[in-house]
A.B. asks: 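Pasting a structure below so you can have a look.
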Protein chains: 2
Amino acid sequence: MLKRLSKYIKKLNKKKKTTIKDIANVLNISPAAVSKALHDDSRISKKTKIAVRQVAKNLNYQPNHLASALRKGKSNLVGVIVPKTNSNFFSSVIQNIEEVLNKEGYNIIITQSNESFRKECNNIDTLLFTQVDGIIASMANETTDLEYYEKIKSKGIPLILFDRGENDLNVDYIGINDYDSSHMIINHLVEQDCKRIAHIGGYKHTRIFNNRIRGYIDALKKNKLPLDEELLLESSLTTEDGREKMIHLLSLKNRPDAVYVAGDYAALGALQVLNEQNIKVPQDIALVGFGNEPFTSMVTPTISSIKQHSGEIGKQAAKTFLEHAKTTDMKQTLNKIILDAELIIRDSSNKKSPVKST
Amino acid sequence: MLKRLSKYIKKLNKKKKTTIKDIANVLNISPAAVSKALHDDSRISKKTKIAVRQVAKNLNYQPNHLASALRKGKSNLVGVIVPKTNSNFFSSVIQNIEEVLNKEGYNIIITQSNESFRKECNNIDTLLFTQVDGIIASMANETTDLEYYEKIKSKGIPLILFDRGENDLNVDYIGINDYDSSHMIINHLVEQDCKRIAHIGGYKHTRIFNNRIRGYIDALKKNKLPLDEELLLESSLTTEDGREKMIHLLSLKNRPDAVYVAGDYAALGALQVLNEQNIKVPQDIALVGFGNEPFTSMVTPTISSIKQHSGEIGKQAAKTFLEHAKTTDMKQTLNKIILDAELIIRDSSNKKSPVKST
DNA sequence: TAGTTTTGCTTAATCGTTTAAGCATTTTTT
DNA sequence: AAAAAATGCTTAAACGATTAAGCAAAACTA
């Protein structure tokens with residue numbers, strides 16, 4: 001009792017952190033016994049366990065994560081790399097990853113690449129340096145060189161990609177059905193009596209954008225509409241580039257009567273141009289975006305868009321990681337999870353009946 | 001040479017990570033020498049340093065962060081807590097914190113509280129558990145109990161608050177001049193010939209919102225306008241609550257001719273109501289928001305708002321942390337940095353001349 | 001030439017936790 | 001009552017990097 005008190009005072013004065021050694025000293029047992037007691041080892045008596053927990057609480061003991069991670073060769077940290085956190089989609093994915101992983105005792109480290117390849121490489125190095133147990137990532141637009149991702153794999157660390165992935169990289173992937181989403185959009189626009197549907201697509205080298213382009217082409221075919229190469233544009237999908245591509249489309253002799261834009265920011269740019277030129281949306285030109293960013297329901301007219309189930313993507317990504325973490329390195333089966341998306345119809349593509357804003 | 005090769009093979013086969021011990025073995029020197037060589041210690045010969053670096057590269061050596069952190073009692077990680085990452089403001093602050101800290105060898109761990117007090121406490125525990133060297137945080141709206149923040153301070157870990165801080169907590173703080181910002185808004189509205197200016201403010205218990213309210217009241221006085229209690233509302237500042245508060249204001253016998261909303265999301269809600277009721281903005285009622293969220297320049301009419309210099313806030317927060325990290329715990333002087341903000345005038349409050357969208 | 005300094009390493013302890021191995025007791029089984 | 005099993009610990013060696021202390025050998029100084 002005296003000893004215990006002296007320890008209290010020592011700790012509180014020196015602001016030094018309590019270790020299992022301190023607890024061991026107070027109770028006159030070995031540090032090993034303390035460690036086991038805290039982990040509810042069956043070979044430790046109930047009495048000792050209770051005493052250890054009591055003292056731990058009194059001394060305000062916090063386990064040193066670094067020490068246990070070092071010893072166990074496991075940090076219980078998972079790295080997450082996203083292009084930008086300031087989008088609803090990524091923010092929601094992250095939130096769900098966190099939720100699932102926290103329950104299993106993992107914590108996450110979020111990093112953003114800002115769509116820069118160099119930054120992304122840096123982030124990977126940082127995460128490896130921090131000894132994360134796994135990495136869940138969505139690739140930057142710029143990224144085509146996969147060397148750094150190979151580096152993760154070669155270290156034997158689970159790597160799960162979502163949304164922006166690559167076909168060449170043989171890793172787990174969670175995404176939506178971009179090909180089918182294009183079909184949903186084209187079918188919807190055809191229903192609205194659109195005949196000349198343009199597509200402002202993303203970079204062909206990126207898996208998801210390529211799939212959207214393929215879907216666009218095939219859906220046109222299925223609806224017996226001709227494919228006009230003039231109406232298929234490749235874009236960086238920024239608001240600015242959306243503007244430029246729209247201006248270009250309006251300059252054509254034979255204008256489109258609908259535009260499917262593969263990203264909401266570019267769709268916004270396109271809409272601005274249409275509004276400025278007093279072109280009626282959707283009557284003259286109908287517009288559909290992709291991603292369901294919050295602003296799609298804030299602007300005038302509201303923009304139809306594809307809603308990805310970000311929560312589900314996050315959850316699946318986290319679960320996939322957990323599967324890898326649990327199995328002991330052997331027979332890793334790869335998951336390729338493709339989720340369905342949903343077309344949210346708003347004013348920008350609805351000629352028939354007024355729709356409530358969503 | 002033979003030895004070196006055998007090591008190569010061993011490593012590559014077993015996928016085990018290279019340690020300084022491996023490098024030491026290859027070169028037949030002690031691990032200590034390797035460690036020093038890698039840290040450019042003056043007591044190690046140039047020849048050895050070159051050899052060590054060469055072997056390190058060949059064996060694909062990555063230092064084990066956990067081990068050095070444990071030994072040095074320093075993780076070189078800084079925790080960042082924000083209410084939500086999906087806002088331009090926080091995203092930009094984070095980016096700048098990261099930039100400054102990376103240069104000094106620190107990495108950051110981002111966590112989001114989702115405006116939940118419980119989640120925020122969890123985040124703090126997680127960060128402490130991860131042994132971060134410091135925490136930079138912006139408080140959740142819900143948070144009034146400061147016990148957890150006191151916990152950080154009591155551990156002797158530098159704590160820096162930004163944007164959402166508290167007067168009661170005696171820590172470093174970086175923010176903007178909310179009081180002056182209110183003045184800028186009111187002065188601007190008065191110039192637009194507004195006489196009855198309402199304020200949809202945030203929670204009074206939060207420092208920043210309280211300052212905005214005080215600024216509003218004092219600015220009215222300075223402009224010799226009467227303060228009408230009816231026109232001063234306390235709001236959660238969500239879009240939904242912005243709608244409700246606007247509807248309430250419109251129901252008054254004596255309507256306002258201008259509304260200053262302390263948050264852009266609530267301003268958006270207010271604008272929606274005004275648009276739905278066909279009230280002309282700014283002619284009938286002028287509107288000003290706060291935060292300069294991207295959508296303020298996307299909606300119709302575009303919303304005037306206060307732009308905070310998020311980049312500067314992030315940089316200052318990071319620098320403040322670095323100051324603490326460098327000084328050896330003695331004589332900690334507290335920084336309270338208040339930066340100026342900027343009023344971006346857009347269509348929603350500009351009666352006189354048309355303005356280009358920004 | 002003897003003494004001092006500098007150079008270039010090595011040795012060994014340390015950070016805090018975990019865990020395999022071991023060793024008395026006590027309890028159970030035959 | 002002897003053998004076997006279970007209980008409740010302890011000892012000591014890790015995990016990988018850092019660092020104070022020390023020790024030869026080389027280089028310099030007087």
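Letters go in sequence order (proteins before strands), and every chain restarts at 1.
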A.B. asks: Nearest whole Å is fine: how far is C:dA13 P from A:Lys21 NZ?
C.D. replies: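 Distance check: A:Lys21 NZ to C:dA13 P gives 13 Å.
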A.B. asks: Side chains of B:Asn335 and B:Glu323: donor-acceptor distance under 3.5 Å anywhere?
C.D. replies: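 A donor-acceptor contact under 3.5 Å links the two side chains.
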A.B. asks: Verify the contact: side-chain N or O of A:Ser30 to OP1 or OP2 of D:dT10, cut-off strictly under 4.0 Å; return yes or no.
C.D. replies: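 Yes, A:Ser30 has a side-chain N/O under 4.0 Å of OP1/OP2 on D:dT10.
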A.B. asks: With a cut-off of less than 4.0 Å, is there a side-chain N or O of B:Ser35 near OP1 or OP2 of D:dT18?
C.D. replies: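 Affirmative; the distance criterion is met.
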A.B. asks: Does a nitrogen or oxygen in the side chain of A:Thr48 sit under 4.0 Å from OP1 or OP2 of D:dC9?
C.D. replies: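 Yes, A:Thr48 has a side-chain N/O under 4.0 Å of OP1/OP2 on D:dC9.
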A.B. asks: Going by an N to O cut-off under 4.0 Å, is there a salt bridge joining A:Arg164 and A:Glu115?
C.D. replies: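 So A:Arg164 pairs with A:Glu115 through a salt bridge.
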A.B. asks: Reckon A:Ser68 touches a base, only the sugar-phosphate, or nothing at all at heavy-atom distances under 4.0 Å?
C.D. replies: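 The residue A:Ser68 makes sugar-phosphate contact but no base contact.
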A.B. asks: Let me know the distance between NZ of B:Lys74 and P of D:dT19, rounded to the nearest Å.
C.D. replies: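 It is 11 Å, rounded to the nearest whole Å.
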A.B. asks: When the nearest nucleotide of DNA chain C is assigned to B:Ala32 and to A:Ala32 on a heavy-atom basis, which residue is associated with the more 5' position?
C.D. replies: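 Per heavy-atom nearest nucleotide, the more 5' residue is B:Ala32.
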A.B. asks: Any idea which of D:dT10, D:dG16, C:dT18 is nearest the B:Asn64 side chain?
C.D. replies: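 Nearest to the side-chain atoms of B:Asn64, counting from C-beta on, is D:dG16.
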A.B. asks: For A:Leu38 and C:dT17, what is the distance between atoms CG and P respectively, to the nearest whole Å?
C.D. replies: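 Result: 9 Å.
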A.B. asks: Starting at CD1 of A:Ile174, measure out to NZ of A:Lys315 and round the result to the nearest 0.5 Å.
C.D. replies: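 So the gap between those two atoms works out to 13.5 Å.
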A.B. asks: Any N or O donor-acceptor pair linking the side chain of A:Lys36 to the base of C:dT17 at under 3.5 Å?
C.D. replies: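 Per atom types, no contact qualifies.
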A.B. asks: By nearest atom, which of the nucleotides D:dT18, D:dG16, C:dT19 is closest to the A:Lys72 side chain?
C.D. replies: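 Among D:dT18, D:dG16, C:dT19, the one nearest the side chain of A:Lys72 is C:dT19.
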A.B. asks: Hey, does the side chain of A:Asn107 reach the backbone of A:Leu77 with a donor-acceptor pair shorter than 3.5 angstrom?
C.D. replies: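 Side chain of A:Asn107 to backbone of A:Leu77, a donor-acceptor pair under 3.5 Å: no, none is there.
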A.B. asks: Which of these nucleotides, D:dG8, C:dT17, D:dA17, is closest to any side-chain atom of A:Arg71?
C.D. replies: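 From the listed options, C:dT17 comes nearest.
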A.B. asks: Quick one: on DNA chain D, does B:Leu66 or B:Ala33 contact a more 5' nucleotide (nearest heavy atom)?
C.D. replies: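 Going by which nucleotide is closer to the 5' end, it is B:Leu66.
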A.B. asks: For the side chain of B:Leu70, counting heavy atoms from C-beta on, which of D:dG16, C:dC9, C:dT17 is nearest?
C.D. replies: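 Among D:dG16, C:dC9, C:dT17, the one nearest the side chain of B:Leu70 is D:dG16.
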A.B. asks: Between B:Phe321 and B:Tyr106, what is the ring plane arrangement, given parallel below 30°, perpendicular above 60°, and tilted in between?
C.D. replies: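 Correct class here is perpendicular.
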A.B. asks: How do B:Pro31 and B:Ala67 order along DNA chain C: which one's closest nucleotide is nearer the 5' end?
C.D. replies: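 By nearest-heavy-atom nucleotide position, the 5'-most residue is B:Pro31.
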